[in-house]
Amino acid sequence: MESLPEAVLVRILASLPAVELVLVCRLVCCQWRSLVDGAALWILKCQQEGLARAESDVENWQSFYFLSKKRRNLIKNPCGEEGFEHWGEVENGGDGWKIEELPGDFGKEFPSEEVRKYFVTSYEWCRKAQVIDLRAEGYWEELMDTTQPKIMVRDWYAGRSDAGCLYELCVKLLSENEDVLAEYKSDTVTIPEGNDGSWTEISHTFSSYGPGVRFVRFEHGGQDTPFWQGWYGARVTGSSVTLEP
């Protein structure tokens, strides 16, 4: 192996699983550690697996590779297909939360056919939340503290055309001790009676938030404004939290 040209050795190493490269191969010798820590190996792996991007856009190719491979929605049960599984009720006012089939009464279909259900609020404030453990999802401390990948938050909300409603979104980045390190809170969105029932996306991106982030707390909710018994309040679905490469 010592006589192999470095370019050939990089191609051999690139055929190995990424975790083995970092946890095993990197410890073999100084040359292998330098190759595993360098850009060429990870650029090649990204190209082989269809993750390539213009080189000027990437500061750390190893982090880019792992973030690209792990990229997924960290919100579980975002559309109510599993009932209220994984969601904790923070507030359950009026007649509480309910799950309905799209498009619902006086509503419209969702932009994606993959979404078939939504959560709907009642005549007093209803809020629900999820807390995402980033380490449990595979995002280790050094990655979060050094690379600080962008954390993209999205949610979709709508009203029904025969009733006005209110909607809010609040997302917090928390430390090990659940101290708030960064926070996004939307304005209270007012949807008037007579709206067209269409769905609206709201999003926020956290970046340069500093070291120490270990959890993401996602909370949303709403209520109707005419205070009618039943479920005439804000509708929510398609929630997502992703870490961007």
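Positions are given from 1, in the same order as the sequence printed here.
Within the 4.5 Å cutoff, side-chain heavy atoms of Val180 are placed close to those of Leu174. Under the 4.5 Å side-chain criterion, counting only non-hydrogen atoms from C-beta, Phe218 is not in contact with Leu74. No side-chain heavy atom of Phe227 sits under 4.5 Å from any side-chain heavy atom of Thr225. Using a 4.5 Å cut-off on side-chain heavy atoms (C-beta onward), Phe119 and Arg235 make no contact. Within the 4.5 Å cutoff, the side chain of Leu243 has no heavy atoms near those of the Lys150 side chain. For the pair Leu44/Gln47, a side-chain contact is recorded, criterion being any heavy-atom separation below 4.5 Å from C-beta on. Counting heavy atoms from C-beta on, the side chains of Trp61 and Phe66 never come closer than 4.5 Å.
Nearest heavy-atom pair across Tyr139 and Lys70 is OH-O, 3.2 Å. The heavy-atom pair separating Trp199 from Pro111 by the smallest distance is CB-CD, 4.2 Å. The shortest non-hydrogen separation linking Cys126 to Thr121 is CB-CG2, 3.7 Å. Closest of all the heavy-atom pairs between Gly159 and Cys165 is CA-SG, 3.8 Å. Closest heavy-atom contact between Cys46 and Phe64: SG-CD2, 3.7 Å. Nearest heavy atom pair, residue His86 against residue Gln130, reads O-CG, 3.0 Å.
Judged by distance alone, the side chains of Ser198 and Asp196 do bring a donor and an acceptor atom under 3.5 Å apart. A donor-acceptor pair shorter than 3.5 Å cannot be found between the side chains of Asp162 and Tyr232. A donor atom on one side chain and an acceptor atom on the other are not found under 3.5 Å apart for Tyr123 and Gln229. For the residue pair Gln148/Thr146, the side-chain donor-acceptor check at 3.5 Å is not satisfied.
Taking the charged nitrogens against the carboxylate oxygens, Glu193 and Arg160 have no contact shorter than 4.0 Å, which rules out a salt bridge. With respect to the salt-bridge test (charged N to carboxylate O, under 4.0 angstrom), the residues Arg127 and Glu91 qualify. The existence of a salt bridge linking Arg116 and Glu81 is confirmed by a sub-4.0 Å separation between a basic side-chain nitrogen and an acidic carboxylate oxygen. For the pair Arg135 and Glu141, the salt-bridge criterion is met [side-chain N within less than 4.0 Å of a carboxylate O]. Ionic pairing of Arg217 and Glu183 is not present here: no N-O contact between side-chain nitrogen and carboxylate oxygen is shorter than 4.0 angstrom. A salt bridge is defined here as a Lys NZ or Arg NE, NH1 or NH2 lying under 4.0 Å from an Asp or Glu carboxylate O, and Glu178 with Arg214 fails to meet this definition.
There is no path of hydrophobic side-chain contacts, each under 4.5 Å, that joins Val120 to Phe84. Residues Trp140 and Leu67 share a hydrophobic cluster, clusters being chains of Ile/Leu/Val/Met/Phe/Trp/Tyr side chains in contact below 4.5 Å. Ile132 and Leu181 fall within a single hydrophobic cluster, where Ile, Leu, Val, Met, Phe, Trp and Tyr are joined by side-chain heavy atoms under 4.5 Å apart, directly or via other members. Residue Ile151 is not grouped with residue Phe215 when hydrophobic side chains (ILVMFWY) are merged at heavy-atom distances under 4.5 angstrom, including chains of intermediate members.
Summarising the local packing, NZ of Lys117 is surrounded by more than 12 heavy atoms from other residues, nucleotides or ligands at distances under 6.0 Å.
Between the side chain of Ser122 and the main chain of Glu124, no donor-acceptor pair closer than 3.5 Å is present. Without hydrogens or angle criteria, Gln62 side chain to Val36 main chain gives a donor-acceptor distance under 3.5 Å. Remark: side-chain polar atoms of Thr242 are not paired, donor with acceptor, to backbone N or O of Glu244 under 3.5 angstrom. The closest donor-acceptor contact from the side chain of Asn73 to the backbone of Val241 lies under 3.5 Å. Not one N or O on the side chain of Arg26 forms a donor-acceptor pair closer than 3.5 Å with the backbone of Val24. Asp224 contributes a side-chain N or O that, together with a main-chain N or O of Trp228, makes up a donor-acceptor pair within less than 3.5 Å. A donor-acceptor contact shorter than 3.5 Å links the side chain of Asn195 to the backbone of Pro192.
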Tell me which donor-acceptor pairs under 3.5 Å the side chains of residues 201-208 have, and how far apart each pair is, sequence neighbours excluded?
from: Glu201; atom 1: OE2; to: Arg154; atom 2: NE; distance (Å): 3.4

Side-chain donor-acceptor pairs under 3.5 Å in residues 10-23, sequence neighbours left out?
from: Ser15; atom 1: OG; to: Ile12; atom 2: O; distance (Å): 2.5

Trp156 and Phe110: CA distance, side-chain angles, deciding distance, ring pair (Phe, Tyr, Trp, His ring centres under 6.0 Å) verdict: CA-CA 9 Å; Trp156 288 84; Phe110 192 75; 4.9 Å; yes
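Evaluated for a side chain to side chain donor-acceptor pair (under 3.5 Å) with Tyr167, the options Thr188, Asp155, Asp187 yield exactly one hit, Asp155.
In this structure, Trp87 CH2 and Glu82 CD are separated by 11.5 Å, a value rounded to the nearest 0.5 Å.
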